[in-house]
Novice: 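Pasting a structure below so you can have a look.
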Amino acid sequence: MSSIKIICPNGHLGFAPLKPDSFLRGVEAGPDFIAADSGSDDIGPVPLGTDTSTSPEAWQRQDLEAMLLASRRINVPMIIGSSGDTGTNGRVDRYVEIIRELAKAHGLAPFKLGYFYSEVDKELVRKAIGSDEPVLGLDGRDPLDEAELDATTRIVAMAGVHPYRKLLEEGCDVIIGGRSSDCAIFAAAALHRGTSEADAYYLGKVLECASFCAEPYGAKETVLGAVNGTGVTVTAMHPDQRCTIASVAGHAMYERSNPYDEFVAGGRLDMRDCSYEQIDPRTTRITGQRFIPAERVRVKLEGAGKVGERFVGIASVRDPYTIAHIDEVIAWAKAQVFERFGQTGYELHYNVFGKNGVMGDLETVKVPAHELCIVVQGVAPTAEMAEEVCMTGTRQLFYARLPEVKGTAGGVAFVLDEVLKASPAYRWTVNHTLAVDDPLELFPTHTITIGA
């Protein structure tokens, strides 16, 4: 039975810097690969739509540098997936350039770098919409239609293990990936070493978020995952953390409505019969996982479309009477916006923190706090209109007229007098799957030699 060890230093490379002490412990443990995911749709549709990163480049560069120097020092491959938060072509190109700059700065010996792209041409998707195999929606969405496609600015496909395996077979020392399934980044390395699909995909699942599978909680600490013929093991590298039965099994349920299945391009990891065993204070072994191949390979697509330019205003309330009538206050402000702009052609949103700002109508605690923060968002086709919509919707909170209020002073205070220009507003337009004959067809691969 083939064996493999992989360390993951960061569950989202660049989102916050990795912790160097546990990373160095992981490197000294002698891994066969150093790998990390660098993206997520948790960050919302804006970065995909604008082809930008939410993570500071300094943090991305710091993690890439630590991983690159370690991988070259111990001569093992380094793998990065979903480059730059979104895995767009522009983010992949930037990571490739950073690797080139780091190699030059540190005088590294030549090495082979592989990379692949994940952006999908809209016309390719359009052809699929009219085919015998429609672009099927996820999470209750209808099949994709041309109207939603036309509203889409940019689409990425989510790669499975296939482009990573191709680049590993070509002898790449460093791989920079486009948008990818989190677990596939690690599973590809395990499959390259000959492990079973079940163990490879569970290894990827448990490593994808680094120390999120350990306790006590510690962000961005390194964990080591291994396959050695008796299932998968995962070990915390921070001396004060432990990978326990509870923490590892809990992570299998992380961010999912169904705790049993992990879907990837080409199949499904079934975790229903998993068994967890504590084999030392910091290590848990997992057995019983199964991999069920798909009859037809379907690749997930993610697309974002622009809604408009956006400004944000911030107001605060401490007056008990105003808090008790906050819905009427907001209704007053909305009415002033309607009077100025009508009721269409823009968007106006209020989040009332201290009341239901996080969960909205799903909030179960109906009693407001003693103070509220109101975040106002104005979205419109132009920046000028968005600013005025937001300013009107914010300032009119101060002027709201309430019954039994005799004074002229308002019950609302402003954190800032002005409203703030924010990122443009985007929405998710594509959350669908596309049938493919070749799982590599959406992910063109490239190789170059880096170093002096």
Side-chain angles (χ1 to χ4, degrees), residues 42-46 49-50 54 139-141 148 151 257 304-429:
D42 291 353
I43 57 179
V46 171
T50 56
T54 59
D139 299 329
R141 286 177 179 251
E148 278 294 82
S257 57
K306 187 174 182 180
V307 178
E309 301 298 321
R310 175 165 52 180
F311 276 75
V312 173
I314 306 174
S316 56
V317 187
R318 180 61 177 81
D319 170 53
Y321 187 81
T322 303
I323 289 173
H325 294 82
I326 195 62
D327 291 341
E328 293 96 319
V329 171
I330 292 173
W332 167 281
K334 285 182 176 179
Q336 310 312 303
V337 176
F338 295 163
E339 183 178 305
R340 173 75 176 86
F341 297 100
Q343 297 192 29
T344 61
Y346 64 92
E347 294 184 14
L348 181 64
H349 303 281
Y350 291 85
N351 292 88
V352 185
F353 294 94
K355 180 176 181 283
N356 61 0
V358 177
M359 295 183 64
D361 292 338
L362 295 176
E363 178 58 62
T364 57
V365 180
K366 301 302 184 184
V367 180
H370 71 280
E371 64 178 8
L372 304 177
C373 175
I374 306 172
V375 177
V376 186
Q377 296 184 64
V379 179
T382 67
E384 292 78 12
M385 183 179 179
E387 182 178 21
E388 190 177 349
V389 166
C390 185
M391 187 171 291
T392 304
T394 304
R395 288 188 178 174
Q396 287 295 329
L397 294 170
F398 178 84
Y399 295 112
R401 296 295 89 196
L402 292 173
E404 302 181 20
V405 173
K406 305 300 183 184
T408 56
V412 173
F414 301 119
V415 177
L416 299 167
D417 287 333
E418 69 272 25
V419 294
L420 306 176
K421 183 172 177 55
S423 61
Y426 281 76
R427 65 181 179 90
W428 292 116
T429 52

Novice: Rounded at 0.5 Å granularity, tell me how far OH in Y350 sits from OG1 in T394.
Specialist: 6.5 Å
Novice: I need the minimum non-hydrogen distance between C390 and V419, along with the two atoms involved.
Specialist: SG-CG1, 3.8 Å
Novice: Minimum heavy-atom separation for A151 and R427, please, with both atom names.
Specialist: CB-NH2, 3.8 Å
Novice: What pair of heavy atoms forms the shortest contact from K366 to D361, and how long is it?
Specialist: NZ-O, 3.8 Å
Novice: Identify the two heavy atoms, one from L372 and one from K355, that lie closest to each other, and give their separation to 0.1 Å.
Specialist: CD2-N, 3.9 Å
Novice: Side chains of L397 and V376: closer than 4.5 Å at any heavy-atom pair?
Specialist: yes
Novice: Taking all atoms of both residues into account, what is the closest heavy-atom pair of A380 and A386, and its distance?
Specialist: CB-N, 3.5 Å
Novice: Say you draw a straight line from OH of Y346 to CZ of F338; how long is it, rounded to the nearest 0.5 Å?
Specialist: 5.0 Å
Novice: Under 4.5 Å between any side-chain heavy atoms of R310 and V46, yes or no?
Specialist: yes
Novice: Check V307 against Y426 and note the closest heavy-atom contact, atom names and distance.
Specialist: CG2-C, 4.0 Å
Novice: Taking T392 for the side chain and V337 for the main chain, is one N or O donor matched with an acceptor at less than 3.5 Å?
Specialist: no
Novice: Nearest 0.5 Å please: distance from the OG1 atom of T322 over to the CD atom of E328.
Specialist: 10.5 Å
Novice: Could you state the interatomic distance from CD (E384) to CZ (F311), rounded to the nearest 0.5 Å?
Specialist: 8.0 Å
Novice: Does the side chain of F341 reach to within under 4.5 Å of the side chain of L348, using non-hydrogen atoms?
Specialist: no
Novice: If you define the side chain from C-beta out and look only at heavy atoms, does anything of I326 sit under 4.5 Å from I374?
Specialist: yes
Novice: A side-chain contact here means heavy atoms from C-beta on lying under 4.5 Å apart; do Q336 and Y399 qualify?
Specialist: no
Novice: So with a 6.0 Å cut-off around CG of D42, is the heavy-atom count from everything else above 12?
Specialist: yes
Novice: What distance separates Q396 CD from M391 CE, expressed to the nearest 0.5 Å?
Specialist: 12.0 Å
Novice: Quick one: does E387's side chain get under 4.5 Å of E309's, heavy atoms only?
Specialist: no
